[in-house]
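Computed over heavy atoms, backbone and side chain alike; hydrogens, waters and symmetry mates excluded.
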Amino acid sequence: MPELASASSTAPTSRERMLREMADLASAATRTRPLVLVLEDLHWADQSTLELLSYLAERREEARLLLVGTHRPTEALAPDHPLRALTAELRARGRSRDLRLDVLGPEAVGEFLNERFPRARVAETVARAVHRRSGGHPLFLVNVVDDLHRRRILVEEYDELRLADVSSGPSAEDTNVPESLRQVIGRQADALSEHERRLLQAASVAGQDFSVAELVAALEADPDETEEHLERMAGREQFVRAEGVEEWPDGTLSGRYRFIHALYRDAFYEQVAQARRVRLHARIGRRKEAAYGERVGEIAGALAAHFDAARDVPRAIHHHSRAADNAIHRFADREAADHLRRCLALGSSIEDPNERRFVELITLTRLTGPLMSTQGFAAREVEVLFARTRALCGEIEPGPHLHPVLRGAMSFHQVRGEHGIARQLGEELLGLLEGSNDVVAQVQAHYGHGVTLFDLVELETSQSHLERAIGLYEPAQHDMHVSLYGGYDPGAACSSWLGWAQWHRGYSDRAFTTCQAGIDLAEHLAHPLTLDWALLAKAIVLAYAGFYEPALDLARRANRLAAEHGFVFQQSSGMMIEGWARLGLGQFDDALAQIQGGLDGAARTGARISRGGYMALLAIIHGFKGAIPEAMRTVAKGLEEVAATSERLHLIELTRVRGDLLWRGVHAPDEEVEQCYRSALDLAEQLSVRSSGLRAAMSLARFLAERGRGDEAAAELEKAIAALPEGRSTQDFHEAQGFLARFGGAA
């Protein structure tokens, strides 16, 4: 620079002169335009660089110069770190400002993932999971994503970025600390004293959140000294932050702290030797167990983790079981299943064979409900579970433990369409309960058997069992039913099945009232799975009655609930019922997609129940769309389903639809068409399914009237109407009334 050329090139070099010349250079560079000088990672800067920054900041000569320096505060935590002293001095003199950058939110993490993987669609759930693991910390985010991608946990598949299903345990939220971050955290930990390091190691055993009292118990340490160390670290924003105070039921008052980032906790946990971990977990678990006393269930999940890690099998099983109860009552069935699976794993180490078998049986029985709700009532794991529980029952003396096993097996076989097996199990359970005062089991036995008989179209007997169950049921029994018998409330469910039985027997007004009672009870209980069933039940009755808009509303509400809680079987059922309503509204393409999608989804869970009925709906849609051959094939498949499951209720509608297709589509001989309609009508009369009988009679009447046999048509329709004990508001009744008005009959 010309301004510096006058200085003697032979003058001795000094630190002061070099600083002055660099400052002069900066002034000269800013004479014609402003200059922004950015220095990154100042926590790694040498002493000379920091002295230059100080000199430039303190210089009084005017210069259009802005210095921007970036650094990670945690890298400059040591009291003797020169950057710490420099920033404090500049702030005190008003020569600098600190700008703290917030961590990234889930949306920003999603944007980063879109940039990092430009050819893959990033689901919101993936972005949230990565955000939880990285905490939105930019450095941690980059390293965590690279590590998850390297380990094939974060994968690009079918143009989508997703989290792999890793059965052995690791997930996007596992405790693996990438090596690059381990080194960074290690450098930060070098600023700690040995006592502070041991304190944070014990804190990592306590958890992401921890209290002073837990560390005192773990280390058998002085409370005041422990608190002082934590206060100092929190004041320096060094690994932990203060979270206030917590009080335990025994009166213990303790400061509460939290690791600033989960990766800090994981890194310190890795430093704890395995044997020491066992001791620390045991001390913390026993101290908190004693402190909570009768309220210990409130922290069952945390205690389960401590005693599990402490290898205290009896305590771990006990608290995992309590934690499963808590999860069920929070409607967190997946979490409950995880706790119960852990009980099974721990129970396998019990030496006494009788105790081991009993623990396994009780745990498998309790696992039934969460598995059925999250995987479907007829899923493969459910099948394996029931096979094992029945085998265990043969090894243990008969007793009340057999009741939920038989009841769960009834549901499994019923949803699989194996109604003969379900009937045998129901009769066995009812026989075991003769003379018993186990009211909860009696409710379940009558409910389950009533459902089976409904599927076998023994409607009057089915109704008597369902009414018996409702008479025995008390809402106060709800928790016991949910914990032991399938994960939902039988009081509301009995109203659902009873409403369907009433509908098919011709009591349509009662059916609406009964199904609504099920919804009211489910809403009072505030139990999502129970409410899902109740909503679908009334939607079905509304669809049968031809009230498609309200049926669609209820089905969509149920579908949102099922999606929110992961009820896979109910989701499939809800799709089919929504498709049914859309069919009634003339939305054929949407109806076809939803019914077919629901059938496919239900099949993936192993379910086979009611497939024939929904295939009848598919055939109607294909017929409306002019795809007569496909409609006829669908009817044939539906008839095969009925033959396999004995669900003759759906045989009535399949036969009626086949008649419509033969008449309007295939143009079959009149004798063949009329025979279909009369077969459907005869079966409806034989089974006392009066609502379906009216629909079959209406199809037959239309056919006869078109063939000039109006009087005969009116007579058939009047007979079907006369069989209805109530119900003058349904679509079928209004159509029948209109038909009779045309042909001189009287409704």
Donor-acceptor pair, distance only, cut-off 3.5 Å: does the side chain of [X] make one with the backbone of [Y]?
X    : Y    : value
Q477 : E474 : yes
R690 : A723 : yes
T368 : T365 : yes
S646 : V642 : no
Y677 : D660 : yes
S679 : Q675 : yes
T605 : A378 : no
W533 : A492 : no

Under 3.5 Å side-chain donor-acceptor pair for [X] and [Y]:
X    : Y    : answer
N559 : Q571 : no
Q444 : R407 : yes
H419 : E647 : yes
R423 : T452 : no
E381 : Q375 : yes
D489 : H527 : no
D590 : Q594 : no
S464 : E460 : no
Q516 : D520 : yes
D333 : T374 : no
E467 : Q463 : yes

Taking the side chain as every heavy atom from C-beta outward, state whether [X] and [Y] have any pair of such atoms under 4.5 Å apart.
X    : Y    : value
W497 : Y447 : yes
K719 : E685 : yes
R416 : I609 : no
L432 : L402 : yes
E160 : E156 : no
R390 : L425 : yes
R648 : Q686 : yes
P370 : I328 : yes

Any Lys/Arg nitrogen of [X] or [Y] sitting under 4.0 Å from an Asp/Glu carboxylate oxygen of the other?
X    : Y    : value
E706 : R664 : yes
E674 : R678 : yes
R658 : E653 : no
R380 : E383 : yes

Calculate, to the nearest 0.5 Å, the distance between atoms [atom1] and [atom2] belonging to [X] and [Y] respectively.
X    : Y    : atom1 : atom2 : value
D600 : I595 : CG    : CD1   : 12.0 Å
R695 : Y544 : CZ    : OH    : 8.5 Å
H650 : S610 : NE2   : OG    : 4.0 Å
L406 : Q424 : CG    : CD    : 12.0 Å
L583 : Q587 : CG    : CD    : 10.0 Å
F733 : T730 : CZ    : OG1   : 7.5 Å

Closest non-hydrogen atom pair, [X] against [Y]:
X    : Y    : answer
I652 : A684 : CD1-CA, 3.8 Å
G546 : Q731 : O-OE1, 3.6 Å
L472 : V439 : O-CG1, 3.6 Å
S572 : A602 : OG-N, 3.2 Å
A555 : I577 : CB-CG2, 4.0 Å
F386 : G408 : CZ-C, 3.0 Å

Taking atom [atom1] of [X] as the centre, does the number of heavy atoms from other residues, nucleotides or ligands within less than 6.0 Å exceed 12?
X    : atom1 : value
R709 : CZ    : yes
D711 : CG    : no
H734 : NE2   : yes

Margin query: Are W500 and W503 an aromatic pair, judged by ring center distance below 6.0 Å?
Written below: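 When the ring centroids of W503 and W500 are compared, they turn out to be at least 6.0 Å apart.
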Checklist line | Ring centre gap for H481 and Y488 strictly below 6.0 Å | finding: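 Not under 6.0 Å, so no.
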Margin query: Run the side chain to side chain donor-acceptor pair (under 3.5 Å) test against D553 and tell me which residues pass, sequence neighbours left out.
Written below: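 Result, side chain to side chain donor-acceptor pair (under 3.5 Å) vs D553: none returned.
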Checklist line | Aromatic ring pairing F454/H504, orientation class (parallel under 30°, perpendicular over 60°, tilted between) | finding: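 Ring orientation of F454 relative to H504: tilted.
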Note to self: For E641 and R608: C-alpha separation, side-chain torsions, deciding distance, then whether salt bridge (Lys or Arg N to Asp or Glu O under 4.0 Å) applies.
What the structure shows: CA-CA 8 Å; E641 289 291 331; R608 199 170 184 179; 2.8 Å; yes
Next item on the list: Test L161 against V155 for side chain to side chain contact (heavy atoms under 4.5 Å, CB included), laying out the working first.
Entry: CA-CA 6 Å; L161 187 69; V155 296; over 6 Å; no
Note to self: Show, in sequence, the C-alpha distance, side-chain angles and deciding distance for L554 and L536, and conclude whether the side chain to side chain contact (heavy atoms under 4.5 Å, CB included) test is met.
What the structure shows: CA-CA 7 Å; L554 289 181; L536 292 178; over 6 Å; no
Check: Would E523 and R557 count as a salt bridge (Lys or Arg N to Asp or Glu O under 4.0 Å) if you check the C-alpha gap in whole Å, the side-chain angles of each, and the deciding distance to 0.1 Å?
Finding: CA-CA 13 Å; E523 289 178 333; R557 182 182 168 192; 2.8 Å; yes
Notebook entry, point to check: After noting the C-alpha distance and the side-chain angles of L529 and L531, does the key distance pass the side chain to side chain contact (heavy atoms under 4.5 Å, CB included) rule?
Noted result: CA-CA 5 Å; L529 182 57; L531 180 57; over 6 Å; no
Margin query: I'd like to know whether L717 forms a side chain to side chain contact (heavy atoms under 4.5 Å, CB included) with L694, so could you lay out the CA-CA distance, the side-chain angles of the two residues, the decisive distance to 0.1 Å, and finally the verdict.
Written below: CA-CA 7 Å; L717 205 50; L694 175 60; 4.1 Å; yes
Identify every side-chain donor-acceptor pair in residues 623-631 under 3.5 Å, counting partners at least two apart or on other chains, and give the distances.
unit_1	atom_1	unit_2	atom_2	d
K625	NZ	D589	OD1	2.5
E630	OE1	R633	NE	3.4
E630	OE1	R633	NH2	2.8

